[in-house]
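Since the structure comes first, as C-alpha cells, the remarks are kept for the end.
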Amino acid sequence: MQRFDRDTPLPPEMQGKWIDAGDPTASLIVTGGEITCYDKVVEYDFKLMGREDGAVIVSLQVENPETEDDFQNANITDLVITPEGEFHAYNVGFSAQFVRPNEA
C-alpha cells in the first residue's frame with residue numbers, strides 16, 4: 001500500500017454518497033479526500049491506499065502515536081470495497097456495510 005496525504009482523493013469507486021445497509025438514515029460521504037461518516041468529518045493525517053486480491057483498500061492514519069488509540073476508537077479507520085463490490089467501513093470495535101442510496 002502506498003502512503004498519500006489527506007488531500008489526495010480516495011479511489012473513484014469510493015466517491016459519493018453511501019448509506020448504511022442496516023440503517024438507511026445513516027450515511028458515509030466521500031468527497032475527494034474528505035470522509036464524512038454518520039454526520040462527522042473524519043479527521044486523519046494521511047492514508048494508505050492500495051489494491052489487494054481484487055479489493056480496494058484505504059487505511060486512515062494519524063501522525064501522533066499518542067493519539068492513535070483514541071483515533072482508532074472514535075473514527076472509522078479502514079474502508080474496503082471487496083472484489084464483489086461490497087463497501088465496508090470499520091475500526092477496532094465497529095464495522096458496517098454501505099450501499100448506494102438507490103440500492104437500499
Side-chain angles (χ1 to χ4, degrees):
M1 296 215 311
Q2 283 188 288
R3 180 182 168 135
F4 296 90
D5 65 25
R6 182 185 169 91
D7 293 334
T8 301
L10 273 71
E13 300 94 326
M14 294 183 179
Q15 296 292 323
K17 183 175 183 176
W18 300 80
I19 58 172
D20 187 320
D23 178 4
T25 65
S27 65
L28 182 147
I29 301 169
V30 177
T31 307
E34 183 173 285
I35 303 160
T36 304
C37 189
Y38 301 110
D39 298 323
K40 179 182 169 197
V41 174
V42 179
E43 298 296 337
Y44 66 97
D45 296 326
F46 67 96
K47 57 188 151 283
L48 303 174
M49 295 192 296
R51 295 177 187 267
E52 188 173 316
D53 296 327
V56 180
I57 303 167
V58 175
S59 179
L60 307 175
Q61 307 281 319
V62 291
E63 296 282 358
N64 184 348
E66 292 179 12
T67 62
E68 188 171 345
D69 284 345
D70 289 339
F71 171 76
Q72 289 187 7
N73 286 305
N75 296 284
I76 58 167
T77 57
D78 294 277
L79 303 166
V80 176
I81 294 185
T82 68
E84 298 77 30
E86 295 178 351
F87 188 20
H88 299 272
Y90 56 94
N91 71 9
V92 295
F94 158 86
S95 69
Q97 181 177 352
F98 290 86
V99 297
R100 294 287 185 187
N102 59 345
E103 297 173 2

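Here I19 contributes atom CD1 and R100 contributes atom CZ; the two are 11.0 Å apart, rounded to the nearest 0.5 Å. Rounding to the nearest 0.5 Å gives a distance of 12.5 Å between CG of L28 and NE2 of H88. From Q61, atom CD reaches atom CG of L48 across 5.0 Å, with rounding to the nearest 0.5 Å. Here the CD1 atom belonging to I81 is positioned 12.0 Å from the CZ atom belonging to F98, to the nearest 0.5 angstrom. Interatomic distance, CG of N91 versus CG of L60, reported as 10.5 Å (0.5 Å rounding).
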**OP:** Could you please spell out the steps behind the salt bridge (charged side-chain N to carboxylate O under 4.0 Å, His left out) verdict for R6 and E63?
**Re:** CA-CA 12 Å; R6 182 185 169 91; E63 296 282 358; over 6 Å; no

**OP:** Test S27 against K17 for side chain to side chain contact (heavy atoms under 4.5 Å, CB included), laying out the working first.
**Re:** CA-CA 7 Å; S27 65; K17 183 175 183 176; 3.9 Å; yes

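Between M1 and G50, the closest heavy-atom pair is SD-N, 4.0 Å. Between V92 and Q72, the shortest heavy-atom distance links the atoms CG1-OE1, 3.5 Å. Across Q15 and V30, no two heavy atoms sit closer than the pair OE1-O, 3.3 Å. When all heavy atoms of I35 and I76 are compared, the closest pair comes out as CG2-CD1, 3.9 Å. Here the closest heavy-atom approach between residue F94 and residue A89 is recorded as CE2-O, 4.0 Å.
Scored by the side chain to side chain contact (heavy atoms under 4.5 Å, CB included) test, E52 finds I57 as partners (sequence neighbours excluded). Scanning for ring pair (Phe, Tyr, Trp, His ring centres under 6.0 Å) contacts around F87 gives W18, with sequence neighbours left out. For the salt bridge (Lys or Arg N to Asp or Glu O under 4.0 Å) test, no residue two or more places apart in sequence or in another chain qualifies with E66. Residues forming a salt bridge (Lys or Arg N to Asp or Glu O under 4.0 Å) with E13 (at least two apart in sequence, or on another chain): R51.
Pairs engaging residues 43-85 under the ring pair (Phe, Tyr, Trp, His ring centres under 6.0 Å) rule: none recorded [sequence neighbours left out].
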Would you give me the side-chain donor-acceptor pairs under 3.5 Å for residues 36-43, sequence neighbours excluded?
unit_1, atom_1, unit_2, atom_2, d
Y38, OH, D20, OD2, 2.6
K40, NZ, A74, O, 3.3

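Applying the 6.0 Å contact sphere to CG of D53 captures no more than 12 heavy atoms from other residues, nucleotides or ligands.
Under the 4.5 Å side-chain contact rule for hydrophobic residues, V62 and L79 share a cluster. In the hydrophobic clustering of ILVMFWY residues, with side-chain heavy atoms under 4.5 Å counting as a link, V56 and F4 come out together.
For the pair T77 (side chain) and Y90 (backbone), a donor-acceptor distance under 3.5 Å is present.
Taking 4.5 Å as the limit, some side-chain heavy atom of M49 sits within range of a side-chain heavy atom of P11.
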